[in-house]
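Here is the structure we will look at, set down as structure tokens.
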Number of protein chains: 2
Amino acid sequence: MKSLNLTTQRQAVYDIVRNSHDHPTAADVMNRLVEKGYNFAYGTVYNSLRYLTEKELIRELKLGESASRYDAKLDDHQHIICEVCGRVDEVMSEIPKEWSGAVAKETGYDVHHAHVVFGGVCSECQTKRTK
Amino acid sequence: MKSLNLTTQRQAVYDIVRNSHDHPTAADVMNRLVEKGYNFAYGTVYNSLRYLTEKELIRELKLGESASRYDAKLDDHQHIICEVCGRVDEVMSEIPKEWSGAVAKETGYDVHHAHVVFGGVCSECQTKRTK
DNA sequence: TTTGAATTTAGAATAAGTATAAATCTTATT
DNA sequence: AATAAGATTTATACTTATTCTAAATTCAAA
Ligand SMILES: [Mn+2]
Ligand SMILES: [Mn+2]
Ligand SMILES: [Zn+2]
Ligand SMILES: [Zn+2]
């Protein structure tokens with residue numbers, strides 16, 4: 001299951017995601033491909049994103065918005081969304097193990113992972129607001 | 001903004017959500033309404049769910065599945081999904097304040113809230129699996 | 001009663017994503 | 001080089017969840 005077939009279109013999609021640091025949606029990726037002069041079929045972009053996700057070169061993020069976002073940062077991390085401007089930033093601070101432990105005890109689940117989405121106001125929007 | 005107009009359909013939808021403890025989707029609510037003998041328009045159920053959410057009688061949950069779920073439990077809490085059977089259970093254990101603090105410091109955000117979705121295997125599915 | 005606002009209804013429209021089937025590209029085999 | 005097999009891309013149709021629209025209905029003043 002390790003074989004990797006990076007076609008022109010998959011490579012181009014991967015490059016976009018790798019070089020974007022704003023967690024782009026499929027539509028974002030599409031626009032950036034067009035800006036670079038590519039004109040792939042709509043479905044190809046989705047297929048490529050799915051392929052890259054399956055091969056674990058990128059991650060799909062479901063943050064509670066209408067569209068999935070994509071992330072080439074693979075280390076385990078969480079996200080925070082600005083309620084004012086909508087930007088999505090990284091949260092590297094790890095979930096406390098004691099908390100997962102408490103949840104396992106409380107629920108009786110074997111807890112495998114946690115997806116956390118923080119909400120708040122980013123520093124830029126904070127300064128704009130105080131004006 | 002406090003006026004509350006609970007029509008027959010809104011009341012019926014509210015009753016379903018209040019008496020369901022499995023975090024039903026809009027489609028679930030619809031089916032249960034039909035079981036009770038109601039036959040509301042599709043859009044009315046969505047409108048009612050939106051209305052009740054706006055009036056804060058229920059909460060809309062976006063857990064990363066395709067459809068929203070609804071919850072009449074209003075106290076601040078999180079959720080955990082069984083990867084085997086798909087059930088959604090409550091997590092009352094609160095997010096550690098130190099962690100939110102660390103995230104605020106790391107990101108520079110004014111952190112307002114966190115949505116957490118744990119994933120794992122529920123106790124029922126654990127026992128079934130060991131067999 | 002008439003009037004007007006709010007609500008419901010049926011159905012059309014939208015948005016994100018998936019499925020399909022034909023066309024094209026790759027890779028091996030002769 | 002010619003062929004066949006397999007994978008991929010393309011264009012388009014479809015699905016699913018949800019919202020929008022416009023007409024019909026309900027409900028509450030005046
Ligand atoms: Mn990220
Ligand atoms: Mn709940
Ligand atoms: Zn912001
Ligand atoms: Zn289970």
Side-chain angles (χ1 to χ4, degrees), chain A residues 1-17 20 22-34 36-55 57-71 81 86 88 117, chain B residues 1-17 20 22-34 36-55 57-71 81 86 88 117:
Chain A
M1 303 286 163
K2 278 195 175 180
S3 79
L4 195 60
N5 178 6
L6 284 190
T7 61
T8 309
Q9 11 289 93
R10 287 170 180 169
Q11 183 68 58
V13 168
Y14 183 36
D15 286 345
I16 297 281
V17 177
S20 299
D22 59 344
H23 306 91
T25 63
D28 291 332
V29 171
M30 206 102 70
N31 291 334
R32 290 169 203 189
L33 284 167
V34 171
K36 284 204 169 183
Y38 294 109
N39 245 314
F40 303 148
Y42 206 75
T44 300
V45 175
Y46 276 104
N47 284 341
S48 298
L49 288 168
R50 184 144 33 100
Y51 179 88
L52 295 166
T53 303
E54 273 163 15
K55 296 295 178 182
L57 294 178
I58 65 176
R59 279 174 53 195
E60 183 183 7
L61 306 180
K62 295 182 171 183
L63 305 183
E65 302 164 301
S66 50
S68 284
R69 290 170 175 263
Y70 295 88
D71 196 345
I81 307 186
V88 174
V117 182
Chain B
M1 301 286 165
K2 279 194 174 180
S3 80
L4 196 60
N5 179 6
L6 283 189
T7 62
T8 309
Q9 12 289 95
R10 287 169 181 171
Q11 183 68 57
V13 168
Y14 183 38
D15 286 344
I16 299 279
V17 176
S20 299
D22 59 345
H23 305 92
T25 63
D28 292 332
V29 171
M30 207 100 71
N31 291 336
R32 291 170 203 187
L33 284 167
V34 170
K36 285 203 169 185
Y38 293 109
N39 245 313
F40 302 147
Y42 205 73
T44 301
V45 176
Y46 276 103
N47 282 342
S48 298
L49 288 168
R50 183 144 32 100
Y51 179 87
L52 295 166
T53 303
E54 272 163 15
K55 295 295 180 183
L57 294 178
I58 65 177
R59 279 175 51 195
E60 182 183 7
L61 306 180
K62 295 183 171 180
L63 305 182
E65 302 164 302
S66 49
S68 284
R69 291 170 174 265
Y70 295 87
D71 196 345
I81 307 187
V88 174
V117 183

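Here is how names work: the chains are called A, B, and so on, in the same order as the sequence lines, proteins then strands, and each is numbered from 1. Only this structure's heavy atoms are used, side chains among them; waters, hydrogens and symmetry mates stay out.
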### Message
Without decimals, in angstroms, what is the distance between Arg69(A) CZ and dG17(C) P?
### Response
11 Å
### Query
Whole-Å distance between dT26(C) P and Leu6(A) CG?
14 Å
### Task
Check every strand shown and say whether Ser68(B) touches a base, only sugar-phosphate, or nothing at a heavy-atom separation below 4.0 Å.
sugar-phosphate
### Message
Can you see if the side chain of Tyr46(A) gets near the phosphate of dG17(C) - specifically, an N or O under 4.0 Å from OP1 or OP2?
### Response
yes
### Query
Would you say the side-chain atoms of Ser68(B) and Glu60(B) include a donor-acceptor pair closer than 3.5 Å?
yes
### Message
Within the 4.5 Å heavy-atom criterion, are Leu63(A) and Arg69(A) side-chain neighbours or not?
### Response
yes
#### Entry: Flag, side chain of Asp28(A) to backbone of Thr25(A), donor-acceptor distance under 3.5 Å
yes
### Query
Tell me: NZ of Lys62(B) to P of dA17(D), nearest whole Å?
14 Å
### Message
Just the rounded figure in Å: distance from P of dA16(C) to OH of Tyr70(A).
### Response
12 Å
### Query
Can you tell me how far C1' of dT7(C) sits from CG of Leu52(B), to the nearest Å?
14 Å
### Query
So, do Leu4(A) and Tyr51(A) sit near enough that their side-chain heavy atoms are less than 4.5 Å apart?
yes
### Query
Would you call Asp71(B) and Lys62(B) a salt bridge, using N to O less than 4.0 angstrom?
no
### Query
Listed by chain and number, what are the side-chain hydrogen bond (donor to acceptor under 3.5 Å, both in side chains) partners of Glu54(A), not counting sequence neighbours?
none
### Glu65(B) CD - dT18(D) C1' separation (whole Å)
16 Å
### Query
With a 4.5 Å heavy-atom cut-off, do Tyr70(B) and His23(B) have their side chains touching?
no
### Task
Give the rounded distance in Å between these two atoms: CD of Gln11(B) and P of dT26(D).
19 Å
### Ser48(A) side chain to Thr44(A) backbone, donor-acceptor under 3.5 Å
yes
### Terminal axis angle for the helix from dT1(C)-dA30(D) to dT30(C)-dA1(D), five pairs an end, nearest 10 degrees
0°
### Query
Quick one: what's the B/S/- string for nucleotides 7-15 of chain D, heavy-atom cutoff under 4.0 Å, read 5' to 3'?
SSSBS----
### Test item: Leu52(B) and Val17(B) side chains (from C-beta on) under 4.5 Å apart, heavy atoms
no
